[in-house]
Trainee: 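Attaching a single structure in structure tokens format; questions to follow.
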2 protein chains.
Amino acid sequence: MVTLIEKPTLLLDKTKTVRNIERMVARAAAGGVSFRPHFKTHQSADIGEWFRDRGVTKITASSVDMAAYFAAAGWQDILVAFPVNVRQSKAINKLAHEVELHLVVEAVGTAVTLNNFLGADVHVWLKVDAGSGRTGIHWQDEELLADVAHTVADAPRLKLTGLLTHAGHTYRATSPEQIVAVYDETAVRLNHARDLLHAEGHNLLVSVGDTPACSIVDDFGRVDEIRPGNFVFYDLVQQRLGACLPDDIAVGVACPVVAKHEADHRIILYGGAVHLSRDSMVVNGETIYGRVARLTKEGWGQMLYGSKLVSLSQEHGILKTDPATFESLDVGDVLLVLPVHSCLTVDLYGRYTTLSGEVISKMRTNE
Amino acid sequence: MVTLIEKPTLLLDKTKTVRNIERMVARAAAGGVSFRPHFKTHQSADIGEWFRDRGVTKITASSVDMAAYFAAAGWQDILVAFPVNVRQSKAINKLAHEVELHLVVEAVGTAVTLNNFLGADVHVWLKVDAGSGRTGIHWQDEELLADVAHTVADAPRLKLTGLLTHAGHTYRATSPEQIVAVYDETAVRLNHARDLLHAEGHNLLVSVGDTPACSIVDDFGRVDEIRPGNFVFYDLVQQRLGACLPDDIAVGVACPVVAKHEADHRIILYGGAVHLSRDSMVVNGETIYGRVARLTKEGWGQMLYGSKLVSLSQEHGILKTDPATFESLDVGDVLLVLPVHSCLTVDLYGRYTTLSGEVISKMRTNE
């Protein structure tokens, strides 16, 4: 593999990826919940097939364009887990004719507009804010929940289907116990809203599921569907949360060493913000942009904990190393950078290369 | 323009872009320095022509791939301002045969390797660290400077041409006076190294030039060439540094409003980290990811200072607004997000759209 690397290259460990997929398929089955994986992390028709081969039939996308990409790849049951963007009425309408389309609504006005421009039926999920504070109807706002539910239920093109949330605040947890607590609280809150709307005549499903919770929780409780996405690759953030082991991280960017500075054991990688994204995490008070491992014949080795990417500019990555690692590396060597946040790193590329050199397809977010 | 926007779209104000180009061309001429603009910000063959039309004949690129893209667009004098990546020997050799190629070297070993694989001559600039601390030979490391200079001078394929630095620490300045001071100090340090090597028989040019300094400094001093890049578009960081006015910012991302939350005047934009990049800046102790303006018939209006992007996830942007702005906006409206760092925002796209709807070409960094 190493000999093929000329410049920053997105490498995919297929074995680890498939293992991550199989593990989550098994977790959902054991938990008795329906599995609608989020495809926003891999954005790949090829990787989608690895899910399909393991019985997955319905998926989540984060944009209408992504849904259209996967519809073209043969997926027939797609949820767009983002508040309906009414300016994409044409593209939404087209999709509604092609697949079983699930959309997310959180306002009366959007429901009305959507119903008016649709020429085919869609499923509608109410977006609920169960504590993350990003968007959605607050779970205690009973009036708004009921208003939007009634509006959707009365709209001929809209089939009121369920309540949906993304408990993104699991990412702020500092222990697995906290992640479980956030999950349980989220389920309680969504079921509170479900019971309320049931009393008003609506029968609703409940859909949750971020990667930290879905990787850790054993009892999914009164939940119908989970939608994790990042688990397909995991990353340093997930490792720190306790959602995966270092060996589960399935993607990285191979980066050549271009310079060395003995005085402070600083190594310059060809690998900057345009190859890794600017996402960072704070470890022991220090901001880091990635960790590194050595490429091996089989893939990559263990994380070199004495080294960390401490700064990125557009094309440069500055790696602080321990003296032994510094001595062992030469200009022209290649290191594998494990990403802080794999979703954003992967998004920068138009394809993956597997450890055997195979090219794996990937959509582009922006034209 | 507004009616054309369906989803996050990279908008380019051509009038402002051309004005920014003309102003920098004039500054270089007035300062008596050669102008080799960095094309890493716009990455566009079309925009390159706007430079060429104003007399620019030599350019800077940040990667071998970018140099190849601009060589294909007819540029014949290209500097790759990044330490030579010896793993790209084939691509470098090809370019060396096609154009007047300038490369950057900071180690004896790299110079030797480079000379060995080249089949055509190249210009070599020594990369000097004049205080930024990123990479390069420290300006006071007289032994290493002399060693690398002699190695390059003795290598048949390498033409020792100059000393080059990027004084990236101007970005950490807190006043225009500090930027001028960093520039002056940088010029003094490079000239110290130049005089030292002159005494050893080498005649060298000096190349500097980041956008903050080149936008502010009037007296360029004993410098032969400047290489700013970001000035073509500028951004919020440059505005805060005093390197541009708000009205000079020439790119932004048009983002639809998809949800509103009255309680805290929070507006959800379809525009997240994959559309804007995760780059941020701290303003009055608060981290922000962008500011917004309204789209108008002619382009976009003044920055809405009461609003700021306070959080980004993959596709969502959370905008905190003042009450009046909140009331004036509806789901389905479009706002223009002015980027914190235009280089990274632009890098996410494969093309620009001008205010008149014209599509402007752009290369992709990663395959």
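Convention: sequence-line order gives letters A, B, ...; per-chain numbering from 1.
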Trainee: Can you say whether B:T365 sits under 4.5 Å from chain A via the side chain, the backbone, both, or neither, judging by heavy atoms?
Mentor: side chain
Trainee: Would you confirm whether B:R87, through its side chain, and A:C255, through its main-chain N or O, come within 3.5 Å as a donor-acceptor pair?
Mentor: no
Trainee: Shortest non-hydrogen contact from B:Q88 to A:E6?
Mentor: CG-O, 3.3 Å
Trainee: Using a 4.5 angstrom heavy-atom cutoff, name the option from A:T113, A:L344, A:D279 with the most pairs to chain B.
Mentor: A:D279
Trainee: Sort B:D330 into side chain, backbone, both or neither according to what part of it lies under 4.5 angstrom from a heavy atom of chain A.
Mentor: neither
Trainee: Under a 3.5 Å distance rule, please check whether B:R266 uses its side chain to pair with a backbone N or O of A:G133 as donor and acceptor.
Mentor: yes
Trainee: Side chains of B:S280 and A:R278: closer than 4.5 Å at any heavy-atom pair?
Mentor: no
Trainee: Side-chain donor-acceptor contacts of residues 136-144 of chain B below 3.5 Å, not counting sequence neighbours, with atom names and distances?
Mentor:
{"unit_1": "B:H138", "atom_1": "ND1", "unit_2": "B:Q140", "atom_2": "N", "d": "3.1"}
{"unit_1": "B:D141", "atom_1": "OD1", "unit_2": "B:L144", "atom_2": "N", "d": "3.2"}

Trainee: Check whether A:I318 gets within reach of chain B through its side chain, its backbone, both or neither, counting any heavy atom under 4.5 Å.
Mentor: side chain
Trainee: Which residue out of A:L10, A:D65, A:T110, A:D129 racks up the most heavy-atom pairs below 4.5 Å with chain B?
Mentor: A:D65
Trainee: Quick one, B:K7 and A:S63 - any side-chain contact, counting heavy atoms below 4.5 Å?
Mentor: no
Trainee: Using modelled atom types only, decide if a donor and an acceptor are shared between the side chain of A:Q314 and the backbone of B:S62 within a distance under 3.5 Å.
Mentor: no
Trainee: Is B:L348 close to chain A through its backbone or its side chain, or both, or neither, when contacts mean heavy atoms under 4.5 Å?
Mentor: both
Trainee: Under the side-chain contact (heavy atoms from CB on, under 4.5 Å) criterion, do B:E315 and A:M66 qualify, and how do the steps go?
Mentor: CA-CA 12 Å; B:E315 310 263 357; A:M66 195 184 295; 4.1 Å; yes
Trainee: Heavy-atom cut-off 4.5 Å, strictly under: side chain, backbone, both or neither for B:V84 against chain A?
Mentor: backbone
Trainee: What part of B:K362 gets within 4.5 angstrom of chain A, counting heavy atoms only: side chain, backbone, both, or neither?
Mentor: neither
Trainee: For residues 269-276 of chain A, please give each side-chain donor-acceptor pair under 3.5 Å, one per line with the distance, not counting sequence neighbours.
Mentor:
{"unit_1": "A:H275", "atom_1": "ND1", "unit_2": "A:G272", "atom_2": "N", "d": "2.9"}

Trainee: Which bit of B:T353 comes within less than 4.5 Å of chain A, counting heavy atoms only: side chain, backbone, both or neither?
Mentor: neither
Trainee: Taking B:S311's backbone N and O only, do any of them form a donor-acceptor pair with A:R134's side chain (distance below 3.5 Å, no angle check)?
Mentor: no
Trainee: Does any heavy atom of chain B fall under 4.5 Å from the side chain of A:N85, the backbone, both, or neither of them?
Mentor: both
Trainee: Closest approach of A:G332 and B:V86, non-hydrogen atoms and distance?
Mentor: CA-CG2, 3.8 Å
Trainee: Just by distance, with hydrogens left out, do A:H261 and B:E106 show a side-chain donor and acceptor under 3.5 Å apart?
Mentor: yes
